[in-house]
Amino acid sequence: MLFALKNTLIFITVLLFTTPLVSSVASAKGVFQSRADFIGEVFPNQPPQSKVLWITPELRQQAQKILGHPLYGLRIRYHRTDHKTAWILEEIGKEMPITMGVVVENHKVALVKILAYRESRGGEVRYRAYTNQYIGMGLDSNLRLNQSVDGITGATLSVWAVNKVVNLALYYHSLVISQTDH
Amino acid sequence: MRWHSKIGLSIFLVVIFLAVSGVALNHSPQLNLSHIKLSNGWLLKWYGLKPATDQGFDFAGNWLYQAGDNQLFYNGQAVANCRPPLMSATQTQGLFAALCGDGLVLLTAEGQFIEVFNDIQGLPTHITQLASQHKRIFLLSDSEPLEFKVNNFSVEPIDKETVATANITLATSLPQQIAASINSPESGLGVSLETVVIDLHSGRFFGPLGVLFIDLVGLLLCVLALTGLWSWISRDRRNGR
């Protein structure tokens, strides 16, 4: 019995001292990729010049519904070739903005990447195992994501931020495609 | 058993605080902790939050300045996020540009936020000053000057002769009325209650020693559990069960 208790005490002590080390790796923050590198990766042959989507009152209203807060700014910058668009957007997770790159092709998500993460917790959203869940998603009739993702414990606000940005990128994509189709 | 009692008595207050603050953090959204701002002078000082300086950039009576909780103000209105310091600002024909700690903020001639050009977009991090000439914006630093191309969001090297004749607006003292308003609670300066509770809960509020102290309390809690279990087993043995 004494032997078992001794071993348990040693195990708990090791766990207590190693947990902060592991969690600090998981929550590492920083800039992971620049806009130029992201666009170069998405459009490897000839990165297109950036274009701007001007924010109309209707667009602003819908974007605010998606975000759940006011949308600031007068224009959104993006890159496009044919039916493929790339967006670099920011949304606050808890207190700091998370910069994300979203690629949409034929109204479906083709890639989601976290380019910069500045929060101290919740950085797990940058892992491919999480972001790959968005691939293939589109919009439903209410202009919301047509599928759900498995969240991450302890990173709820970051997950919400990624959801909003992916939703927004799909909405923006539908607008720029419809503008050129007409 | 004697050690069990001693340890329990020495940490019970801290344990109660950790339990209460933990519950509060678990229900932070419902309690709205992140929206409650604390702006006591000593707390701001403790967190190293400096009240905004009384300096701003004057463009023919229109003032651009930094105030509150990372906000860029234009004539009394918060117009965009702007992490301190607000290093420089300039005006071209048709727009304002403000160089903040987190990027180059672009505003219309009426002070409406257009968009931001930051390090991820390609803004070099060593830029310290802006200059302008007609519709051109120059980025200045100790190394070679650059021109910021607003249309395609890029930077290109520019010769020093061109920049030599460009306009540079230096920071000056804000008018008294604006200076009085920039550090008021209404400007948004403060630390969220959630941040304070998180830092107290983790011990970070008191620096590295505070974190070690909370670690120690955690370890002692484990010891308490084990000594409690040990005394329970010992009692059973003594009772012959």
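Residue numbers begin at 1 in each chain, while the letters A, B, ... track the order of the sequences.
- Interface residue A:Glu90: only side-chain heavy atoms are found under 4.5 Å from chain B.
- For CZ of B:Phe17, the number of neighbouring non-hydrogen atoms (other residues, nucleotides, ligands) closer than 6.0 Å is greater than 12.
- Expressed to the nearest 0.5 Å, how far CG of B:Asn118 lies from CZ of A:Arg35 amounts to 9.5 Å.
- Atom CG of A:Asp82 has 12 or fewer neighbouring heavy atoms from other residues, nucleotides or ligands inside a 6.0 Å radius.
- Annotation for B:Asn151 and A:Arg77: closest pair O-NH1, 3.0 Å, computed over non-hydrogen atoms.
- B:Asn81 CG to A:Tyr72 OH: the interatomic distance, rounded to the nearest 0.5 Å, is 8.0 Å.
- The 12-atom threshold is not exceeded at CD of A:Gln49, counting heavy atoms of other residues, nucleotides or ligands nearer than 6.0 Å.
- With a threshold of 4.5 angstrom between heavy atoms, B:Leu123 does not approach chain A through any atom at all.
- Between B:Glu115 atom CD and A:Leu74 atom CG the span is 9.0 Å, to the nearest 0.5 Å.
- One distance of note links NZ of B:Lys149 with OG of A:Ser50; it measures 13.5 Å at 0.5 Å rounding.
- In the displayed structure, B:Gln77 atom CD is contacted under 6.0 Å by at most 12 heavy atoms of other residues, nucleotides or ligands.
- Here the CG atom belonging to A:Leu115 is positioned 6.0 Å from the CD1 atom belonging to B:Ile120, to the nearest 0.5 angstrom.
- Separating the CH2 atom in A:Trp54 from the CD1 atom in B:Ile114 is a distance of 6.5 Å, to the nearest 0.5 Å.
- For B:Trp63, the CH2 atom is densely surrounded, since the number of other residues' heavy atoms within 6.0 Å is greater than 12.
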